[in-house]
Amino acid sequence: DFIDSDYSIYLDGHINPGPSFFSYVKSIIALRVPFAAQLHRQRGTVANEFVRCLDARKLNSSEVYNLAGSNFDFSLPAIECGFMIRDHNSDLARNHGNLWFEMFGSICKRDQLLVNAAAEKVGMPIHRIQTDFNDTNNFKLKLHKNVRVKDIKNRVSIASRVLRYGSMLK
């Protein structure tokens with residue numbers, strides 16, 4: 001069975017297809033929407049994702065400044081960009097992809113903060129899939145390659161602050 005080549009499916013590198021993945025994808029394609037993506041597994045809004053990015057130190061000061069001046073709607077539901085389906089015949093989907101890529105290069109490198117804004121600007125509705133990566137019938141999560149390195153860096157940073165300042169809160 002091959003999936004209709006008029007659609008592209010993006011699946012992040014730390015995710016494997018589960019046993020029902022291909023029938024799941026076909027059911028989404030059958031909806032004939034230009035773009036489909038899952039709600040973020042931690043749910044919430046774009047504002048919540050912005051805070052998660054700040055907490056994880058994934059934004060630099062320039063990106064924070066760009067986002068603050070963007071007038072984006074941060075109240076929209078947060079989208080998980082690790083699984084997306086796109087209709088290649090849709091002008092809306094193509095325009096969205098082009099603008100999203102442009103925003104990624106000029107505003108910030110966090111795709112989840114920009115996906116909704118790009119869709120709004122081109123007038124493309126996002127079909128928000130209600131399941132997430134915790135659905136083991138459709139997805140199998142692998143340990144992200146950078147998790148151990150990030151944990152070590154965070155622990156070294158905390159230990160360094162404790163040694164320098166005597167506390168973790170400074």
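Smallest separation of non-hydrogen atoms from V64 and L54: CG2-CD2, 3.7 Å. Among all heavy-atom pairs drawn from V33 and H127, the shortest one is CG2-CB, 3.7 Å. In this structure, S23 and S20 approach most closely via the heavy-atom pair OG-O, 3.0 Å. Closest approach of E80 to L39, counting heavy atoms only: CB-O, 3.7 Å. The two residues G82 and I15 have their closest heavy-atom pair at O-CD1, 3.9 Å. Considering every non-hydrogen atom in both A93 and P34, the closest pair reads CB-O, 3.6 Å.
Criterion: ILVMFWY side-chain heavy atoms under 4.5 Å apart, direct or through other members. Under it, F74 and F104 are part of a common hydrophobic cluster. There is no path of hydrophobic side-chain contacts, each under 4.5 Å, that joins V122 to I85. Side-chain heavy atoms closer than 4.5 Å link hydrophobic residues (I, L, V, M, F, W, Y) into clusters, and following such links, even through other members, never connects I79 to Y24. When the side chains of ILVMFWY residues are joined at heavy-atom separations under 4.5 Å, either directly or via intervening members, Y10 and M103 end up in a single hydrophobic cluster.
Residue V51 is found outside any hydrophobic cluster, as its side-chain heavy atoms come under 4.5 Å of no other Ile, Leu, Val, Met, Phe, Trp or Tyr.
Side-chain contact between L92 and F35 is absent, with no heavy atoms from C-beta onward closer than 4.5 Å. Looking at K58 and C108, their side chains never come closer than 4.5 Å, going by heavy atoms from C-beta outward. In this structure, the side chains of V115 and E49 stay at 4.5 Å or more apart for every pair of heavy atoms. Looking at heavy atoms from C-beta onward, K26 lies out of side-chain contact with Y7 at the 4.5 angstrom threshold.
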Test side chain to side chain contact (heavy atoms under 4.5 Å, CB included) on D111 and M84; report intermediate values, then the result.
CA-CA 12 Å; D111 53 0; M84 300 175 286; 5.6 Å; no
Stepwise side chain to side chain contact (heavy atoms under 4.5 Å, CB included) test for D73 and E120
CA-CA 9 Å; D73 185 351; E120 280 202 326; 3.9 Å; yes
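For R86, the side chain to side chain donor-acceptor pair (under 3.5 Å) test picks out H88, with sequence neighbours left out. In this structure N134 satisfies the side chain to side chain donor-acceptor pair (under 3.5 Å) test together with D132, sequence neighbours excluded.
Between R94 atom CZ and M124 atom CE the span is 12.5 Å, to the nearest 0.5 Å. Interatomic distance, F139 CZ to Q38 CD, rounded to the nearest 0.5 Å: 4.0 Å. Once rounded to the nearest 0.5 Å, the distance linking SG of C81 with CG of D12 reads 9.5 Å. Note that CH2 of W100 is 13.0 Å distant from CD1 of I107, once rounded to the nearest 0.5 Å. To the nearest 0.5 Å, atoms CG (N66) and CG (L113) are separated by 12.0 Å. Interatomic distance, L67 CG to E63 CD, rounded to the nearest 0.5 Å: 7.5 Å.
Under a 3.5 Å cut-off, the side chain of N48 and the backbone N or O of T45 do form a donor-acceptor pair. Between the side chain of H40 and the main chain of V46, no donor-acceptor pair closer than 3.5 Å is present. A donor-acceptor pair is defined here as one N or O able to donate and one able to accept, closer than 3.5 Å; such a pair exists between the side chain of N116 and the backbone of P77.
By the 4.0 Å N-to-carboxylate-O rule, R52 lies too far from D55 to be salt-bridged with it.
Ring to ring, F83 and F21 are close: their centroids are under 6.0 angstrom apart.
Residue-environment remark: CZ (R57) stays at or below the threshold of 12 foreign heavy atoms within 6.0 Å. For K109, the NZ atom is densely surrounded, since the number of other residues' heavy atoms within 6.0 Å is greater than 12.
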